[in-house]
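Here's the structure we're looking at; comments come further down.
One-based numbering along the sequence shown. Note that ligands are numbered from 1 as they come in the structure, with each ligand's atoms numbered from 1 the same way.
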Amino acid sequence: MKKILAALISPKSESEFFKNYESNTPFIVHGLQDSIQELTALPFLKSLSDLLNSWPHQVEVHLPKIADEASAVQASTEDAKKMFENGMGLLFNDANNISPVLSRWLEALRLDMGLSALTYGRNLIYATKAGKGTAPHFDQNMNFVIQVHGTKKWWIAPNKNVDNPMTRFTMGLSMDVELESYATAPMPTQMPADTSEFTLEAGSMLFVPRGSWHSTQAVTDALALNFTFSAPTWIDIFTTVLRARLSHSSEWRQTADFVSDSKRCHEAIDKFNMLITELSYEAPDWCAEQFLDVTEPR
Ligand SMILES: [Fe+2]
């Protein structure tokens with residue numbers, strides 16, 4: 001039974017959720033109480049002060065120039081408190097590492113979602129000052145956002161510029177080279193016309209699909225708990241297993257010598273072609289189960 005997913009989407013059904021999930025459509029519920037009581041009862045989630053007082057690490061502070069993770073510094077909790085009062089957003093990263101409850105929910109939610117064991121899951125806690133928010137961007141990860149305190153508006157739009165992005169991108173900043181190579185349309189400079197608005201109150205849960213454009217603004221001082229999953233693509237599954245397999249070959253483990261030496265690169269090409277040809281003999285016998293047996297041990 002998918003208990004944790006059910007707790008986050010109550011009273012809606014799994015089938016409703018997965019219909020949205022599979023079509024990259026946001027999903028929202030309001031008024032969660034009993035089903036997430038174990039989360040809202042966590043002492044460090046009682047208030048921002050409680051969080052700052054109990055947080056054992058530095059806090060990521062989003063600088064005001066571009067309100068985004070791309071422009072951030074690390075600060076002590078004392079400095080972060082002052083910076084928050086001055087309107088800067090705070091991010092408490094990997095909160096699952098300080099909480100067995102979060103860590104258990106995170107793993108159970110991954111399994112409820114059917115995501116790979118290679119998934120990088122984490123809890124992020126965002127504190128946002130009234131009137132502030134994040135600049136329009138998309139993430140390569142998927143996000144379950146639980147509003148714990150305050151009210152925050154979200155604007156989300158489908159991404160028609162690039163399907164299934166593997167890195168995040170903030171409007172107005174530069175794109176990484178790989179993302180640029182597979183983006184199918186130039187990036188916009190403002191949220192697209194087909195943007196939907198969502199208002200999150202304490203007890204709301206918003207699922208933000210991977211890659212969708214979004215921006216936010218807090219209506220009041222706001223605290224949100226995110227379950228964030230960077231799940232592997234087929235590329236990741238394939239290359240991870242292939243790498244593991246090739247690592248058993250001393251020939252594949254050889255240094256790729258002379259590849260940039262104009263006089264000796266023919267030796268490199270011959271050697272590499274031999275390895276590729278050998279591998280290609282095995283390729284027809286590959287099947288998905290062999291790969292998944294490695295990444296998803298039962
Ligand atoms: Fe985001």
Does the side chain of Thr228 pick up a donor-acceptor pair with the side chain of Asn141 at under 3.5 Å? no
Would you please test Thr134 and Ser215 for side-chain hydrogen bond (donor to acceptor under 3.5 Å, both in side chains) and show each step? CA-CA 5 Å; Thr134 49; Ser215 63; over 6 Å; no
For the Fe ion (ligand 1): protein N/O/S atoms at distances below 2.8 Å: 3
Holding to side chain to side chain contact (heavy atoms under 4.5 Å, CB included), I want the full list of residues that pass it with Ala117, two or more places apart in sequence or in another chain. Arg110, Glu296
ring-ring contact (aromatic ring centres under 6.0 Å, His included) against Trp155, all qualifying residues, sequence neighbours excluded: none
Apart from Ile28 itself, members of its ILVMFWY cluster (side-chain separation under 4.5 Å) are Val145, Trp154, Ile156, Phe198, Leu200, Leu206, Val208
Please tell me whether Tyr21 and Phe27 form a close aromatic pair, meaning their ring centres lie under 6.0 Å apart. no
